[in-house]
Structure formats: C-alpha cells, structure tokens
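First comes the structure, then the notes that go with it.
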There are 2 protein chains.
Amino acid sequence: MSKPAKFNREETIQKAANLYWEKGFHATSMRNLQEVIDMRPGSIYASFGSKEGLFKEALQHYAQSGVAQLNLCVEQSDSPLAALKLFVEGAISSRKQNAPSGMCMLVKTVAELTEEHAELLAEAKQSLIMVETAFAKLLAQAQDNGELDSSQTPQALARFLQVQIIGIRTYAHANSDDNTIQDFIEAIFSNPPLAGRA
Amino acid sequence: MSKPAKFNREETIQKAANLYWEKGFHATSMRNLQEVIDMRPGSIYASFGSKEGLFKEALQHYAQSGVAQLNLCVEQSDSPLAALKLFVEGAISSRKQNAPSGMCMLVKTVAELTEEHAELLAEAKQSLIMVETAFAKLLAQAQDNGELDSSQTPQALARFLQVQIIGIRTYAHANSDDNTIQDFIEAIFSNPPLAGRA
DNA sequence: GCTCATTTTGAGCACCCGTTCAATTATAGT
DNA sequence: ACTATAATTGAACGGGTGCTCAAAATGAGC
C-alpha cells in the first residue's frame with residue numbers, strides 16, 4: 001500500500017547518538033547529522049520531528065545500551081559486586097576504544113544544557129536515576145548475599161558509586177592519557193564503603 | 001594623547017565569564033554577551049579579538065578567582081585540611097547562592113569542547129592542573145604537620161580530592177535539590193585516605 | 001581651543017542555522 | 001499496468017551567527 005522506509009531506525013539513531021555524544025547538542029548541526037546518518041532534511045524531520053526530537057531518541061538509545069551493558073556484566077560475573085566492577089572498568093576504558101567521547105553522554109548533556117531545553121535535560125537526569133537504581137538493585141543483592149555489609153542503604157551506596165564514576169570518567173577525560181585510573185577503580189572496590197568482605 | 005577606555009576590563013570579563021559559565025561556550029552568542037557586558041561589537045573585538053579570545057580570558061579569570069578563594073579558606077582556617085574542607089563546602093554550596101551554574105566552569109568547558117577549540121580546551125585542562133597542584137601543596141603541609149598520614153603522596157591525594165569534587169558537584173547539579181550532599185563532603189574528610197588523625 | 005591618537009558605535013556582511021514543502025520516487029495492493 | 005500511499009529529495013526561507021569597518025565621539029597634551 002505504500003513505500004516502506006529504507007533506513008534502519010535503530011542504526012540511524014545510533015549514528016546520530018555517536019555524533020551528538022562526541023560534539024554535544026549545540027555544536028552538532030543538522031548538516032553534520034545529515035552527512036553522518038545519510039538522510040536528507042525532509043526525511044529526518046518526517047521521522048524525528050526536530051533536532052531536539054532526534055537528540056531525545058539518541059539519549060534514550062544511549063541509556064538503554066548502558067543498561068544492556070550492565071546486564072551483560074551481570075551475566076559474565078560471579079557476583080553483583082564483581083559485575084559492578086566489570087561495568088565500571090568497561091565504562092572507563094571504553095574511551096580508548098571507539099567511543100566518541102571518554103565522558104558519559106548523560107553527564108555531558110546535564111553539563112551542557114540549561115532549562116532552555118528542559119525536556120532534554122529532564123530526560124538525561126531521568127536516565128541517570130535509572131542507572132543509579134540499577135546499581136542500587138545490584139548492591140542490595142550483594143548485601144543479601146553477604147558480599148557487602150549492610151551498614152548503608154543500597155541507595156546511598158549507589159549514589160556513592162555514581163559520584164565515583166562521574167568523577168573518574170570526567171577526570172580521565174580532562175587528563176588525556178593516564179593509566180593510574182585503573183588504580184582508582186581498584187581503590188573504590190577495596191575501600192569502604194564498597195569493599196567486599198572477602 | 002588619546003581617549004582612555006571607559007570600561008573596566010576586569011569587571012567586564014567577570015560579567016562575560018558568568019554568562020559563559022551559565023550557558024556554555026556554544027550556546028552563548030556574541031549578541032548575548034553584548035547585552036550583558038554593555039559593549040558594541042567593535043569595542044569587544046578591539047579588546048578581546050574574538051569570541052574565543054574573550055572566553056579564554058573568562059576561563060583565566062574564573063581559575064584565578066578559584067585560587068583566590070582557596071587562599072581565603074587557608075587564612076580563615078586553623079589547618080590545611082580544614083581549609084580544604086571549607087573550600088569544598090563553599091564550592092558546592094555556591095550553587096544555592098548567585099553562582100551561574102552549580103558545576104565547575106572548568107569541568108563544564110572540558111566536557112563541552114573538543115579539539116576543534118584546542119586552545120580553550122588546553123587552557124581549561126591547565127587550570128584544573130593548577131588547582132590540583134594547589135591542593136597537593138596544602139595536603140603536603142597537612143602531612144608535614146602530622147594532620148594527615150603520609151602513606152600516599154600529596155599528588156595522589158590531590159587527584160583523589162579532585163575526583164571527589166568533580167563527582168559531587170556534577171552529581172549535585174544533575175539532582176536539582178539535595179541536602180544529602182553535605183554528608184558526602186563529611187564522608188570524604190572522615191574516611192581514608194583523607195581522614196585527619198585527630 | 002585645537003590636534004590627533006584612541007575608543008566607541010552600529011549598520012551591515014557573508015555565512016550557517018534549523019526547518020519547510022512542493023516535487024519526485026518507490027512500492028505494496030489491486 | 002494502474003493506483004494509492006508513503007518515503008525521499010533538495011532547493012530555499014527567515015533568521016541568527018561571528019565579525020568588520022567607516023564614521024562619529026572622546027579626551028589628554030599642547
């Protein structure tokens with residue numbers, strides 16, 4: 001009955017997300033995006049509505065793949081705490097690979113945008129909360145297992161972990177090359193409050 | 001022999017810095033700046049050369065006032081460690097006052113800019129190193145005083161502190177209102193490696 | 001009060017921005 | 001093959017961007 005869209009939506013969003021991730025929202029122009037995703041303005045606007053609409057979908061895609069990454073770490077690990085450590089190592093060493101930016105896209109977005117783009121800002125904040133909640137869930141499991149003591153709530157520990165990850169990734173990004181970062185990760189998981197008890 | 005400039009250079013840079021700090025480099029237009037600093041394009045370009053030139057001076061101004069702030073904390077405190085804590089508290093609670101953004105302008109800049117603005121990026125990174133060096137100096141004093149044990153180098157401790165500050169400020173910025181932040185600061189200075197040995 | 005180096009002004013430039021939409025192309029259903 | 005419908009194209013629009021520069025305003029030194 002009609003012509004089917006020839007582009008793969010998820011793949012397109014992924015490419016857009018990578019460009020947004022690298023350059024940020026304001027520095028990425030629609031013409032930049034047109035080249036990267038190989039679509040003309042009309043198609044882009046028909047599919048995503050606006051520059052903001054595409055960015056929002058890019059954010060969602062990024063957050064979802066982050067959660068998927070965490071789940072993968074859970075499958076590949078023997079314990080919740082080991083999974084978290086694996087996830088953190090992956091997130092931080094990702095900048096050496098093909099990641100567009102060493103920094104977390106959600107953090108970059110929260111850092112860049114103001115209330116002028118309230119919807120996008122809220123989306124990024126919400127996704128950060130989602131990730132933190134996933135952390136808390138794993139930390140609660142670790143406490144139930146006896147892998148971690150219960151002197152602090154899973155929520156507080158998740159917040160602590162979030163602060164550490166944000167701090168380390170941002171710091172690493174600001175100091176081009178530094179291999180002392182791994183030591184930092186070790187320290188987080190071998191000192192209170194996240195030290196496993198053998 | 002000539003007409004003296006009627007504008008106060010430092011005051012102007014301060015106003016520009018506040019706008020840049022609030023909105024970021026890309027989202028701040030020259031016309032925004034013209035309004036805030038009350039100067040016409042010709043004067044601005046005669047004085048600062050370009051949007052980047054003005055931003056660079058804004059960054060320098062910001063970093064200098066940060067160091068000045070730290071020195072003030074030293075004068076108002078009994079010990080190096082107390083000075084650092086005071087500084088951290090001031091930096092983080094500043095977002096409730098008149099600060100344009102809860103986040104550190106240097107971190108925002110490092111997060112936003114790419115190699116496309118290499119000079120500005122380098123300036124921001126350099127300033128972060130400068131601050132970290134100032135931290136290290138105070139931490140070394142704390143070790144000499146016996147206020148802090150010497151199991152880690154001042155540089156390593158300064159890096160640790162920097163990561164904590166970046167993490168907390170960014171986290172606080174992403175979670176609009178949160179008074180559990182003060183607890184976080186307490187924790188930093190009452191747990192290893194920065195716990196004083198009173 | 002005249003001179004003249006300097007600062008200030010603001011209209012305007014070339015270019016890029018996000019976005020629109022009429023025309024074209026493509027295809028599933030008949 | 002024809003039709004109906006949707007996807008795609010790309011020229012073009014209004015407006016904002018960073019920036020320029022000739023003209024006007026200013027005031028210190030004589």
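Everything numeric in this text was worked out from a predicted model, so none of it was measured. Every chain is numbered from 1, with letters handed out A, B, ... down the list of sequences.
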Discussion item. Strictly by side-chain hydrogen bond (donor to acceptor under 3.5 Å, both in side chains), give each pair with a member in residues 70-81 of chain A just once, sequence neighbours left out.
Written reply: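 Counting only pairs at least two positions apart or across chains, the side-chain hydrogen bond (donor to acceptor under 3.5 Å, both in side chains) contacts touching residues 70-81 of chain A are A:Ser79-A:Glu147.
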
Practice prompt. Could you list all the side-chain hydrogen bond (donor to acceptor under 3.5 Å, both in side chains) pairs where at least one residue sits in residues 36-48 of chain B, not counting sequence neighbours?
Written response: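 For residues 36-48 of chain B: B:Asp38-B:Arg40.
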
Worksheet entry | Minimum heavy-atom distance A:Ala58-A:Met105, with the two atoms named |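 Minimum heavy-atom contact is CB-CE, 4.4 Å.
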
Mind calculating the distance between [atom1] ([X]) and [atom2] ([N]) to the nearest angstrom?
{"X": "B:His26", "N": "C:dC16", "atom1": "NE2", "atom2": "P", "value": "16 Å"}
{"X": "B:Gln34", "N": "C:dT9", "atom1": "CD", "atom2": "P", "value": "11 Å"}
{"X": "B:Arg31", "N": "C:dG12", "atom1": "CZ", "atom2": "P", "value": "13 Å"}
{"X": "A:Lys23", "N": "C:dC16", "atom1": "NZ", "atom2": "P", "value": "13 Å"}
{"X": "B:Ile44", "N": "C:dT7", "atom1": "CD1", "atom2": "C1'", "value": "14 Å"}
{"X": "A:Leu33", "N": "C:dT19", "atom1": "CG", "atom2": "P", "value": "11 Å"}
{"X": "A:Lys51", "N": "C:dC17", "atom1": "NZ", "atom2": "C1'", "value": "8 Å"}
{"X": "A:Leu54", "N": "C:dT19", "atom1": "CG", "atom2": "P", "value": "10 Å"}

Worksheet item: Do we see a donor-acceptor contact under 3.5 Å between the side chains of B:Gln155 and B:Glu132?
Response: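 Side-chain D/A pair, B:Gln155 to B:Glu132: absent.
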
Worksheet item: Under 3.5 Å, is there a donor-acceptor pair between the B:Gln60 and B:Gln64 side chains?
Response: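 B:Gln60 vs B:Gln64: no donor-acceptor pair found between side chains.
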
Worksheet item: Relative to each other, are the rings of B:Tyr20 and B:Phe55 parallel, tilted or perpendicular (30° and 60° limits)?
Response: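 Aromatic pair B:Tyr20/B:Phe55 classed perpendicular.
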
Worksheet entry | side chain to side chain donor-acceptor pair (under 3.5 Å) involving A:Ser29 - partner list, sequence neighbours excluded |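 Once residues adjacent in sequence are excluded, the partners of A:Ser29 under the side chain to side chain donor-acceptor pair (under 3.5 Å) criterion are A:Asn32.
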
Item to complete: Quick one: list whatever passes side chain to side chain donor-acceptor pair (under 3.5 Å) with B:Gln34, sequence neighbours left out.
Response: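 Partners of B:Gln34 under the side chain to side chain donor-acceptor pair (under 3.5 Å) test: none.
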
Item to complete: Report yes or no: does A:Gln162 contribute a side-chain atom to a donor-acceptor pair with the main-chain N or O of A:Leu128 at less than 3.5 Å?
Response: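 At least one qualifying donor-acceptor pair exists.
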
Discussion item. Walk me through whether B:Thr170 and A:Val110 qualify under side-chain contact (heavy atoms from CB on, under 4.5 Å).
Written reply: CA-CA 8 Å; B:Thr170 306; A:Val110 166; 5.6 Å; no

Worksheet item: Near DNA chain D, which residues from residues 117-124 of chain B have a heavy atom under 4.0 Å away?
Response: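 Within this stretch, nothing sits under 4.0 Å of the strand.
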
Discussion item. Quick test of your reading: applying salt bridge (Lys or Arg N to Asp or Glu O under 4.0 Å), list the pairs with at least one residue in residues 50-68 of chain A, sequence neighbours left out, ordered by first then second residue.
Written reply: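 Residue pairs with at least one partner in residues 50-68 of chain A: A:Arg9-A:Glu57, A:Lys56-A:Glu119.
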
Discussion item. Show me the pairs that pass salt bridge (Lys or Arg N to Asp or Glu O under 4.0 Å) and involve residues 100-117 of chain A, at least two apart or across chains.
Written reply: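 Applying salt bridge (Lys or Arg N to Asp or Glu O under 4.0 Å) to every pair that reaches into residues 100-117 of chain A, excluding sequence neighbours, yields nothing.
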
Worksheet entry | Connected-component partners of A:Val67 among ILVMFWY, side-chain separation under 4.5 Å |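 Same cluster as A:Val67: A:Met130.
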
Worksheet item: Using a heavy-atom distance cut-off of less than 4.0 Å, which residues of residues 10-17 of chain A contact DNA chain C?
Response: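 Per residue number, the list is empty: none.
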
Worksheet item: Using a cut-off of 4.0 Å between protein heavy atoms and nucleotide atoms, how would you tag nucleotides 20-30 of chain C 5' to 3' with B, S and -?
Response: BB---BBSBS-

Practice prompt. Please find the earliest and latest nucleotides of DNA chain D, in the 5' to 3' direction, that have an atom within less than 4.0 Å of any heavy atom of chain B.
Written response: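 Using the under 4.0 Å cut-off, the span is D:dT17 to D:dG29.
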
Discussion item. Using a heavy-atom cut-off of 4.0 Å across all strands, would you classify B:Ser47 as base, sugar-phosphate, or nothing?
Written reply: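 Since no nucleic acid heavy atom lies under 4.0 Å of B:Ser47, the category is nothing.
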
Practice prompt. May I have all residue pairs that pass ring-ring contact (aromatic ring centres under 6.0 Å, His included) and include part of residues 105-145 of chain B, sequence neighbours excluded?
Written response: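 For residues 105-145 of chain B, and leaving out neighbouring residues, the ring-ring contact (aromatic ring centres under 6.0 Å, His included) pairs sorted by first residue read B:Phe25-B:His117, B:His26-B:His117, B:Phe87-B:Phe135.
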
